[in-house]
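Notes to accompany the following structure.
Throughout, numbering of the chain's residues begins at 1 and tracks the sequence. Just the heavy atoms: all of them, side chains too, but no hydrogens, waters or symmetry mates, feed the values below. Just so it is clear, the structure is predicted and the values come from calculations on it, not from any experiment.
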Amino acid sequence: MAPSRRQSSGRSPLVNPQRQITSFFSKASPSPSPSPTLSNSKRSPKIASSSFPKNPNSNPDSTPSPCPCPSPTTPSPLQSKLKKPLLVIGSSPLTPPVNKSYGEDAVGRRIKVFWPLDKSWYEGSVKFFDRDANKHLVQYDDAEEELLDLGKEKIEWVEESVKKKFKRLRRGSSNSREAMVLNEEVEIVKEDEGVKGYKRSRQRGTKVVVEDKEVENVEETDDISGGGDDDSSDEDWGKNMEEEVIEDGGEDMHLEEDEENEGLTKPKGKLRGNGSGSRKRKVSEGEKLGSTKKSKNGGGGQDTCKGGFKISLTETLSNAESGKASNDLGNALMGDAAERFGMRETEKLFFLGEERRDAKRRRPGDANYDPRTLYLPPDFLRSLSGGQRQWWEFKSKHMDKVLFFKMGKFYELFEMDAHVGVKELDLQYMKGEQPHCGFPEKNFSMNVEKLARKGYRVLVVEQTETPEQLELRRKEKGSKDKVVKREVCAVVTKGTLTEGEMLSSNPDASYLMAVVEGTLANQNAERVFGVCVVDVATSRVVLGQFVDDKECSALCCLLSELRPVEIIKPAKQLSTETERVLMRHTRNPLVNELDPLLEFWDAEKTLHEVKNIYSRIVQQSVSGSLNEVNFHGIHSHMEENGLGCLPDVLSDLVRSGENGSCALSALGGTLFYLKQAFLDETLLRFAKFELLPCSGFGNIVSNQYMVLDAAALENLEIFENGRNGDSSGTLYSQLNHCVTAFGKRLLKSWLARPLFCPELIRERQDAVAGLRGINLACAIEFRKALSRLPDMERLLARVFAISEAQGRNANKVVLYEDAAKKQLQEFISALRGCELMAQACSSLGVILENVESRVLHHLLTPGNGLPDIHSVINHFKDAFDWVEANNSGRVIPHGGVDTEYDSACKRVKEVESSLTKHLKEQRKLLGDASITYVTVGKEAYLLEVPESLRGSIPPDYELRSSRKGFFRYWTPNIKKLLGELLQAESEKESMLKSILQRLIGRFCEHHNKWRQLASATAELDVLISLAIASDFYEGPTCRPTIIGSSNPDEVPCFSTKNLGHPVLRSDSLGKGTFVPNDITIGGPGRPSFILLTGPNMGGKSTLLRQVCLAVILAQVGADVPAENFELSPVDQIFVRMGAKDHIMAGQSTFLTELSETALMLSSATCNSLVALDELGRGTSTADGQAIAESVLQHFVHKVQCRGLFSTHYHRLAVNYQKDPKVSLCHMACRVGNGVGDVEEVTFLYRLTPGACPKSYGVNVARLAGLPDSVLQKAAAKSREFEDTYGKDKKKFENNLSNRSWVDEMVELVQKFVDVAENMGCHESPENVDLSSLTELRHRVQILVQKS
């Protein structure tokens, strides 16, 4: 018997990395060196070559035959258990070791075992002794185990172990030779005395065992895939096809058989081991290592298929590089891969090079060329086997995707996709000329997520038919198909991931965003955008349509907030500026271009498709598959115009006509894309629709949210810091103390859109305050309970998707992992999570006695914001045992839960009762009460009768078996009842399998309640997070006083005392280093703008950010780090800070600065807050100062908003010294004498009234480490410039009285800004009118000189 290898904890017994197998394609040409072949044709299995030594135990009548054929007999399961002769692969005889007997005394000792092929010794320990087999289990130092007969091995005992790990070749035992086949197990099993088929069980992490003498029937196992026979893998096609060959009996079927096997080949493996009988055998020619490839049926040499071909191109590239299939033949193959596959590539696959065409035979340079498809030459197609053709049919339609091609229990990657698998998934190439790798089914989720995260599109092709079903189809329908059916069941990308380890660990939403652009007929300068934003993992759909400016400000804001990972757009329909915005404000998304109208539907087509889908859903609802009352409230909104089947949000968009057409078109593009991924109907059925808050972006005053544009989100570091782009050091990280993933996502949306309505802000403040003080203990307990929750929003979405049975969840998909058990566990997890949320909210409800918050009363009162789900939860608790079901993977419903299952159980009991009654009748008939039923093997209800009554047995009783003193019979009635029992139990089992789907269907009837429960829990989680966030501030904290403005003429205010920084803390700066400040901006009789000066590094930029962040905190509803804080709500924060450019968008640093300033000038209102940091520094002093003063004047006197303006143009301070609307302040410092004439400045970081006379830039140069000689020269030049400035200062002040000069300067600056905007819209520098820009600059210089 072959040496057994034990496996522990599911670990593969091989030490080397997991490699992938199953050579799918090979119409391989004959090997130049013929090897012994065991064909699967109609010949009996014999030793393949007379050069092999005969097995002394083999049948002497078995003569070598070059053409063994199978017997037409079909063996029974019992017959298949017999021992069978094996194919012998020649090896070299070895010198027989000295036989010596070892027993229990060897257990526990260290040992060295010699491996002949490695010519090396390997150390290990003897673990135990198997008395029956007379063998010892040796565990090597690398944890591999092997059963050995130590008396027949070359060994040495080791007294003092020195552990060394070697990478070993495989070795053989005394009774076997084993072929290493890259982590594959190939078992060659004779099914009967004639060979019915050779079954190939592809196993990663195991090895081939080909015994010299005989092999006991070895049942296939698959430790990686969860065990069980892989009877639907392509490797078993040979077996199923052979059965048909036997029945047809046609001579020509031998050729078909090869095609049915699809040219599947065994990879070449290393022969290893010492031969049977301890004789060293010479490897015969044709059996040299790696010289041949053995086919699935054992064939090699002439029996393998001809015309082999292979592919080695990596057509599917990451979107980071191009997002499309590439035509570059060489960019995929590097190093060893290029050397190994490159030659074959150019010879076999010429149509992928210069001759490449798409499916419509268009070349890459032609109009409308589609790189997603590929034209396959007819000659090439004719050369393919059925399996090869099937793969190429899928691939040629999806050249932009990586195919996960299902074969049995494994997903295989062939040709260009194999290179991606090796590079990105660390898989290993299979042996042979063609690129090929793969992985087991259980690793699907991990690997598909890895590729999707890296920007690949993954096409999942699943088996939808087993070989048995294929055979039945061929027999019943006369089908000529030779391969099992396969279908595309999923397309997985960054934006369509719904599960995976990384997704579970990252609470951030991965948004899929469709964008369509239109124009207004009467406003050519503005754009209209329709957007559809989808979080597939939670079924959240956000729709909106809004008017935007030329710079796409609203779109920029949306992109910066959401950071979509995938973009869908109509091909060649977006403007150049929109394309630039999509590139600039995203983080390397996957971009999908769809054909307008055909794929990216317009509003009319979208509405038609959506109505059809919802009509089907309603019909299913009426038929009972869903609770019609709970489905989106459909029947509570039925209308005469045919919109009653649509959710409210979609109905509103339809009614709005043109004002919603772009949004509906964006939804259409999204639905078409998701339809390819089998997610469209599931999404619409359970979607949570929302209207985009920035819809109607231009009408900010009526909006209930503050607007934070892209510049504000980035400059204030709300979600991403400027160092590495993560969340550390951001306002979000400061406030994020949520314990649930869905709470974290809600906090992000609150931060992106702080409240603007004073009443809503105060209500949220009341809720936050109600969770502190005496109620804090209850809030902490609530958090502890929630910390055990999974991501309920995503989990619920997955459970809802299970009920749809689409894609990989479809019933027709053949899966070998226990998919039903995984679904059941997720279902039970969802039930437990909902129960836990309900209990936690109920426990927190005790605080309502102590609070008056309307928000908390709404969230914690059952029937209001908190759905009453106790009766529903109790229904499912009574339905089945959750613990037992979770452990066993089966739902055994309690009585009364499922009528169909109860009926099946009742039928089983009736038959069993009839059998019991029949037993009593037999006892009475035969007159012996000792007669009873027994079960022997698989035969149940055998009537066991004493031998003494044998003469009384009626003749129609069938004798089945006997034992000493007893005979066992089946009566005719028993046989009839057994048939009924078998049918009844089959129906019961069928009902049991479908019970999970029915239970999930009932669960989904209440999907609105589950979603509402999760939303309420998330909101409570965020409110508690805001409540405890103040504990992490430094210094005093307070609840902001929100001042509502009932009078439109009332001046908005901002006033705070001892305002600290919301983010900076002692752990980053050192305790006590941050200096709080008193700040007042606006209010009755107070200046609305602060003109801030001070030394470099004095803290001006920090103060600007500090004020903006405090305003956001206040309007989110949180406390602020201050002793006192009063605020009139801000409708939008504008921030111009830092020096940056957008070179890829054709914008210089200065143009970027002016573009952001232009947006402020055009969009700011009296309720806005403006923070400008050193505007104008990107150009000459004269131009920069002129622009800065003009912009400041516009905000102060025309917009009259609140703001802070930091500058190093000290002349501005002089000019606004007497302006009552501007407060001159500076960041205080202490100046002392340093080395030479260089001043040393001590920063005090205190906001102080008045202007600072200097910026002390030379001091910063000193801190930066510039040489003293350079510093002294710089100090002297600085004094020289200041003297010149002093002489001209008085003359300049006199010119301020000339208002015409100021008006002219404002006019010039506005024209300058307009020219800069126009420059940003041109595609190339040649189209820019530089003359107008030069003229404006010249006029500005003349005007400055006049001053």
Side-chain angles (χ1 to χ4, degrees), residues 71-84 189-194 196 216-217 219 228-229 231 239-240 243 246-247 468 471-472 475-476 888 890 892-893 895 898-995:
S71 165
T73 330
T74 302
S76 69
L78 292 177
Q79 289 172 323
S80 66
K81 298 292 182 182
L82 300 174
K83 297 184 179 181
K84 300 147 184 89
V189 181
K190 178 183 170 188
E191 294 289 344
D192 197 18
E193 295 162 2
K196 173 185 174 185
E216 293 184 8
N217 181 61
E219 295 185 4
D229 288 348
D231 57 357
K239 167 185 172 183
N240 294 279
E243 294 175 359
I246 292 166
E247 292 172 8
E468 290 77 13
E471 182 182 0
L472 187 63
K475 289 180 180 178
E476 293 182 352
S888 66
R890 289 169 63 89
I892 308 296
D898 189 270
T899 54
E900 295 179 9
Y901 178 73
D902 290 345
S903 176
C905 291
K906 182 179 179 182
R907 177 60 184 150
V908 171
K909 289 180 180 179
E910 287 175 354
V911 177
E912 290 175 342
S913 176
S914 298
L915 284 166
T916 302
K917 182 179 179 182
H918 181 67
L919 175 62
K920 293 178 180 177
E921 293 173 353
Q922 293 301 306
R923 286 172 176 172
K924 185 176 180 181
L925 176 66
L926 298 176
D928 190 339
S930 66
I931 296 175
T932 185
Y933 286 137
V934 296
T935 299
V936 179
K938 293 183 178 180
E939 295 185 339
Y941 290 99
L942 291 169
L943 197 67
E944 190 172 73
V945 180
E947 187 177 6
S948 59
L949 297 177
R950 186 174 185 183
S952 305
I953 300 299
D956 58 350
Y957 282 25
E958 181 182 347
L959 178 64
R960 301 296 298 178
S961 63
S962 64
R963 68 182 177 93
K964 187 174 182 180
F966 293 91
F967 290 90
R968 298 168 182 145
Y969 300 90
W970 270 348
T971 70
N973 198 21
I974 289 177
K975 293 172 70 174
K976 175 187 173 185
L977 290 174
L978 281 178
E980 295 177 2
L981 181 62
L982 182 64
Q983 182 178 356
E985 287 180 338
S986 176
E987 291 177 2
K988 176 182 175 182
E989 188 64 25
S990 177
M991 293 299 103
L992 202 59
K993 288 181 179 179
S994 60
I995 186 68

For this session: Start with the C-alpha gap between I892 and I995, add the side-chain angles, then the distance that decides, and say whether side-chain contact (heavy atoms from CB on, under 4.5 Å) holds.
Result: CA-CA 8 Å; I892 308 296; I995 186 68; over 6 Å; no
What distance do [X] atom [atom1] and [Y] atom [atom2] have between them, rounded to the nearest 0.5 Å?
X: C905; Y: L992; atom1: SG; atom2: CG; value: 8.0 Å
X: I974; Y: R960; atom1: CD1; atom2: CZ; value: 11.5 Å
X: T932; Y: F966; atom1: OG1; atom2: CZ; value: 10.0 Å
X: K988; Y: K993; atom1: NZ; atom2: NZ; value: 14.0 Å
X: S994; Y: D898; atom1: OG; atom2: CG; value: 7.0 Å
X: L978; Y: E985; atom1: CG; atom2: CD; value: 9.5 Å

Problem set entry | Heavy-atom side-chain proximity of F967 to I953 below 4.5 angstrom | no
For this session: Can you see which heavy atom on D956 is nearest to which on P972, and at what distance?
Result: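 Shortest heavy-atom contact: OD2-CG, 3.4 Å.
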Exercise. How far apart are the closest heavy atoms of S961 and L942, and which atoms are they?
Worked result: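 Looking at all heavy atoms of both residues, the closest pair is OG-CD1, 4.1 Å.
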Problem set entry | S914 side chain vs E910 backbone, donor-acceptor pair below 3.5 Å | yes
Exercise. Would T916 and Y933 satisfy side-chain contact (heavy atoms from CB on, under 4.5 Å), going step by step from the backbone distance to the final call?
Worked result: CA-CA 9 Å; T916 302; Y933 286 137; 5.7 Å; no
With sequence neighbours excluded, residues passing salt bridge (charged side-chain N to carboxylate O under 4.0 Å, His left out) with [X]:
X: E989; result: R890
X: R950; result: none
X: E900; result: R998
X: E987; result: none

Exercise. What side-chain hydrogen bond (donor to acceptor under 3.5 Å, both in side chains) pairs are there with at least one residue in residues 969-983, not counting sequence neighbours?
Worked result: R907-E980, H918-T971, H918-N973, E958-K975
Seminar exercise, completed: The side chain to side chain donor-acceptor pair (under 3.5 Å) partners of S930 (sequence neighbours excluded) come to D928
Problem set entry | Chi angles and distances behind the side-chain contact (heavy atoms from CB on, under 4.5 Å) call for L949, I931 | CA-CA 10 Å; L949 297 177; I931 296 175; 4.2 Å; yes
